[in-house]
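This report refers to the structure that appears directly beneath it.
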Amino acid sequence: MSETTKPTEASDKRLLIIDGHSMAFRAFYALPAENFATSTGQHTNAVHGFVSMLLTMIRQQKPTHVAVAFDLDTPTFRKQEYSEYKGGRNKTPEEFHGQIDLIKQVMGAMNIPSISLDPFEADDILATLATRGEDAGFSVLVVSGDRDAFQLITDRTLVLYPKKGISDIPPMDADAVEAKYFVRPERYSDLAALVGETADNLPGVPGVGPKTAAKWINQYGDLAGILENIDSIKGKVGDALREHVDNVTRNRKLNQLRHDLELDVTLEDMELEAPNREEIENLFDALEFNTLRKRLFDLFAAQDEESAPEVAEFTRVEVADAASLRAFIEAGQGAAIAVHPAVSGGEAVGLALYRGLEAVWMELAGLDEALETELAAFLADSHAPKIFHDAKAAMHLLADRGLSVAGIADDTLISAYLIQPDRRSHELAELVSYHLKYQVPVHQVKKGELDLGLASDLADPALAQAQAVFDLSAYLDTQLAAKHADALARDMELPLIPVLFAMERAGIAVNTERLNELRAHFTSQVETASNEAFAAIGHEVNLSSPKQLQVVLFEELDLPKTKKIKTGYTTDAESLQDLLVKTGHPFLVALMAYRDAIKLRQTVDGLLKAVHPDGRIHTTYAQTVAATGRLSSLNPNLQNIPVRSEEGRRIRDVFVVGEGYETLLTVDYSQIEMRIMAHLSGDEGLIQAYQDGEDLHRFVGSRVFNVEPSEVTSEMRSKVKAMSYGLAYGLSSFGLSKQLKIGVDEARKLMKDYFDRFGAVRTYLRSVVEQARKDGYTETIFGRRRYLPELNSSDRRLRDIAERAALNAPIQGSAADLVKVAMLRIAEELASGGYASRMLLQVHDELVLEIAPGELEAISELVTREMGAAADLLVPLDVQPGVGATWHEAAH
DNA sequence: AGCTTAGCGA
DNA sequence: ACGTCGCTAAGCTA
């Protein structure tokens, strides 16, 4: 049995409707008014931002129809019902005046209708248009900065809600609303009524936030249900609800949008057509918009040429038993199959498989036993190639259901990252829109109702997403090859996925008791320091508030001013130290002690919160975040556990060897980045020093200061050490002088002497930037590229930042590559050698392993060897192992 | 809610 | 303007 499914359920008619005022305001606050004004003094930042946003929307979303709704100045029917509605708002800023009119004029020139209707709000117009659009078979996109718009979300209507400013406006679907507010969009208005809306001057029930409101809604179905059962709601919040029930009913009445307005515009009027060229020219002349003018005309020129992207129709194959699943898989003749989990409530509830114009949907709950066995065999088969978007996340989801995964042939998350390592997000929908130029349908899940068969709501979007992953994989593979990143993907990043997965799954054991003791310890330090600080100034103050500290330091105590920052003067540790030297004020001592202690307590708190029921902390490694190729660690970040201070190091003692294991082993590289710099630069002096096993900084110091190595003082040594490391980050003589607290002249001379002795380093650093400017990218030893188009920017500041990034990327990136290679080989040998020991953590140049009884010697040798042999450089790699029952003890 | 400041690591 | 790459927490303004 098969049926044909249109992957893009949405018809080709797409209606984009915008809340004009709310987006104009967002634009106004996103762009500085002082930078956008005509020579006649008219401010244009809101107009500029709004039009820019609109052009981006048209380019990305490719609507066929567009309209903008505006509020009127006259009182709305809501205001008539409730005179306080939207009361207490600040007056609109002077600079905003006139800009709405200008936006309407631009809309006119673009032949986009501007709609308002007395006595209604733009929101009601949006609601009406959304309904009319849906009825006419459109897919609808509502752009609004007002959360009331969430009630409009359906399977055909999405809300684009600005996250920040006007450049980041992600689409919100039902799942996104639910993830954020714990209710479906159709109940959002009930939730808002309970919680209240400060922006509209609509107080709700005091003490009731989204969580409580959502709990009630999910318990009683909706607001009406809550009100019916109002007397059975217990606790203080129940009392509050009964007391403020009038607020709630009023709010609910007011936040209900009208869908039935009589508008004198038809959908036809909204059809997107070419702008009126002459009008735009005149208007943009007056507004002095030049880049926008070009963007606008380019966009419409491109639209003429580019027809809507074709998304292939595919056949949905019903898989009722093991045999039909096997048949589906075998029909692919060994070609890769895209596997995409459908997620609800943090669990994989279904799986979409896509294999070139044929697709399968499987619900994971209540699978037939034979079918489940067949599926498990397919997923675990390393010779059955599979394509994922974020395979590691999928592995966790499936592992939670007892399914293991092997045979990861491609991961579009990884590919996208290697192609654009600087991009901050690589979400599937975004990538599809960016690379394949179409919109992927999104999930529609009813939480907690899966057993009722509603998981079928997930099927269509999951299938379409699986198709997207499949198509994206093909597209990105071409790009990968063109950018010479295919080997990196195949040989390094993809094989690393199961290694990282295993590390995350394993986690690291912690001694919670010790963690709690530490918490108490640091808390008492915080209290002591606070009391001393308060005593020193004669009153209490929030020591964690830089703003309040500024008042104390620079007004009350009238201490010398520190470095200027946006909000006044900095109170950072370095400046406090300076102030202490200058003034010796006891408040500073106490404040610094407070800062140290509270930081450590926060770290401990974070760790405590992260301990799982298994007594271990499971971090997540992000493989596609750091532009240089490093991993990053989050939830919690285990790559920034304190180590430099004695007190901080105590935290490392809570990371312990787990039950059934013998000890922890840490192995780290010594001076990896300096060694890479020696290798990349080919500097004979540096290479010789490393080959002879000299103390590098002492050696460099003797050359720079022209003394015998034995005569290098610790001061000299620390100076060249700072400089050596600084060079890899693009340190300037100014920066060096600041860090070493010496004059700029002295710093400059130091650098000159350095480069006189190690000329190849200077040559290398210069060539890196030059090459990158020419090619557009830097490259690591393993061929990992970082693209730096801003090296050619006309903006000096951006160019300088890009230059420093260019200096650093090959060094930091090569080190990252090296560690990854070592991890892969270690993982492989651990597996093939049948060892029970396992890798737990990676901290950039350090690996932490948990050693099974009797394996210490073998593993220590294995890890040390593989880390040392990860690359064949012109200098030896020095690797240092350490053993102990805790992470602290294992350090050497 | 997003920005800013601060501070931890490599 | 002035050293790279990260993550998290808190306060504050909106």
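All chains are named by letter (A, B, ...) in the order of the sequence lines, taking the proteins before the strands, and each is independently numbered beginning at 1.
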Atom P, compared across dG3(C) and dC3(B): separation rounded to whole Å: 25 Å
State which of dA1(C), dA10(C), dG9(B) makes the closest approach to the side chain of Arg652(A). dG9(B)
Can you name the closest pair of heavy atoms from Leu634(A) and Ala622(A) and give their distance? CD2-CB, 4.0 Å
Applying a 4.0 Å non-hydrogen cut-off, can you work out what Tyr725(A) is touching in the nucleic acid: base, sugar-phosphate, or nothing? base
Would you indicate what Ala728(A) reaches in the nucleic acid, counting non-hydrogen atoms under 4.0 angstrom: base, sugar-phosphate, or nothing? nothing
Spacing between Ile641(A) atom CD1 and dT8(C) atom C1', to the nearest angstrom: 11 Å
Could you state the CG-P distance from Leu736(A) to dC2(C), rounded to the nearest angstrom? 16 Å
Is there a donor-acceptor contact under 3.5 Å linking the side chains of Gln420(A) and Asp422(A)? no
Return the pairing partner of dC8(B) with a 3.5 Å limit on both distances, Watson-Crick or G-U wobble; otherwise return none. dG6(C)
With a non-hydrogen cut-off below 4.0 angstrom, is Asn635(A) in contact with a base, only sugar-phosphate, or nothing? sugar-phosphate
Selected nucleotide, minimal atom distance to Thr567(A) side chain, candidates dT4(B), dC12(C), dG6(C): dT4(B)
How long is the straight-line distance from CG of Leu543(A) back to CD1 of Ile598(A), given to the nearest 0.5 Å? 8.5 Å
Write down the distance between NZ (Lys599(A)) and P (dA10(C)), rounded to a whole number of angstrom. 10 Å
Nucleotide nearest Val643(A) (side chain, heavy atoms from C-beta), chosen from dC12(C), dG9(B), dC5(C): dG9(B)
Cationic N near anionic O, under 4.0 Å, Arg804(A) to Asp800(A): no
Winner on side-chain proximity to Leu634(A), out of dT8(C), dG6(C), dT5(B), is dT8(C)
Just checking Glu846(A): base, sugar-phosphate only, or nothing, at a heavy-atom cut-off of under 4.0 Å? nothing
Name the closest nucleotide to the Ser632(A) side chain, picking from dA1(C), dG7(B), dC7(C). dC7(C)
Can we call the ring centroids of Tyr161(A) and Phe150(A) under 6.0 Å apart? yes
Give one of base, sugar-phosphate or nothing for Ser633(A), where a contact means two heavy atoms less than 4.0 Å apart. sugar-phosphate
Winner on side-chain proximity to Ser544(A), out of dG3(C), dT5(B), dA10(C), is dA10(C)
What integer number of Å spans the P atoms of dA1(C) and dT5(B)? 15 Å
Euclidean distance, Phe522(A) CZ relative to Gln602(A) CD, rounded to 0.5 Å: 12.0 Å
When all nucleic acid strands are considered with a 4.0 Å heavy-atom cut-off, which category describes Arg797(A): base, sugar-phosphate, or nothing? nothing
Out of dG11(C), dA1(C), dG6(C), which nucleotide sits closest to the side chain of Asp800(A)? dA1(C)
How many whole angstroms separate atom CG of Asp596(A) from atom P of dA9(C)? 19 Å
Heavy atoms under 4.0 Å, any strand shown: does Arg786(A) hit a base, just sugar-phosphate, or nothing? sugar-phosphate
So what does Thr570(A) hit on the nucleic acid, given a heavy-atom distance under 4.0 Å: a base, only sugar-phosphate, or nothing? sugar-phosphate
Hey, does Gln812(A) reach any base, or is it just sugar-phosphate, or nothing, if we go heavy atoms under 4.0 Å? base
In whole angstrom, what separates Met677(A)'s CE from dT4(C)'s P? 15 Å
Taking atom types as they are modelled, would you say the side chain of Asn637(A) forms a donor-acceptor pair with the base of dC7(C) within the 3.5 Å cutoff? no
Which of these nucleotides, dA10(B), dA10(C), dG3(C), is closest to any side-chain atom of Asp845(A)? dA10(B)
May I ask you to evaluate whether Thr628(A) reaches the phosphate of dG6(C), defined as a side-chain N or O under 4.0 Å from OP1 or OP2? no
Base of dA6(B), side chain of Arg595(A) - is there a donor-acceptor contact under 3.5 Å? no
Would you kindly give the CD-to-P distance between Gln548(A) and dA6(B), to the nearest whole Å? 14 Å
When the distance from CG of Asn542(A) to C1' of dA10(C) is rounded to whole Å, what number comes out? 9 Å
Scan Ala816(A) against the nucleic acid and name what it touches under 4.0 Å (heavy atoms): base, sugar-phosphate only, or nothing. nothing
Spacing of Glu803(A) atom CD relative to dA1(C) atom P, expressed in whole Å: 16 Å
Under 4.0 Å, heavy atoms only, any strand: does Ile598(A) hit a base, just the sugar-phosphate, or nothing? nothing
With a 4.0 Å cut-off on heavy atoms, is Lys547(A) in touch with a base, just the backbone sugar-phosphate, or nothing at all? sugar-phosphate
At under 4.0 Å between heavy atoms, what does Gly735(A) touch on the DNA or RNA strands: base, sugar-phosphate, or nothing? sugar-phosphate
Tell me whether Ser814(A) contacts the main-chain N or O of Ile781(A) through its side chain, where contact means a donor paired with an acceptor under 3.5 Å. yes
Among the candidates dG11(C), dA10(C), dA6(B), find the nucleotide nearest to the side-chain atoms of Thr571(A). dA6(B)
Should Arg644(A) be listed as having a side-chain N or O under 4.0 Å from OP1 or OP2 of dG9(B)? yes
Touch class at under 4.0 angstrom, heavy-atom based, for Thr603(A) against every strand present: nothing
Given dC5(C), dC8(B), dT13(C), the nucleotide with the shortest approach to the side chain of Pro642(A): dC8(B)
So does Glu889(A) pair up with Arg652(A), basic N to acidic O under 4.0 Å? no
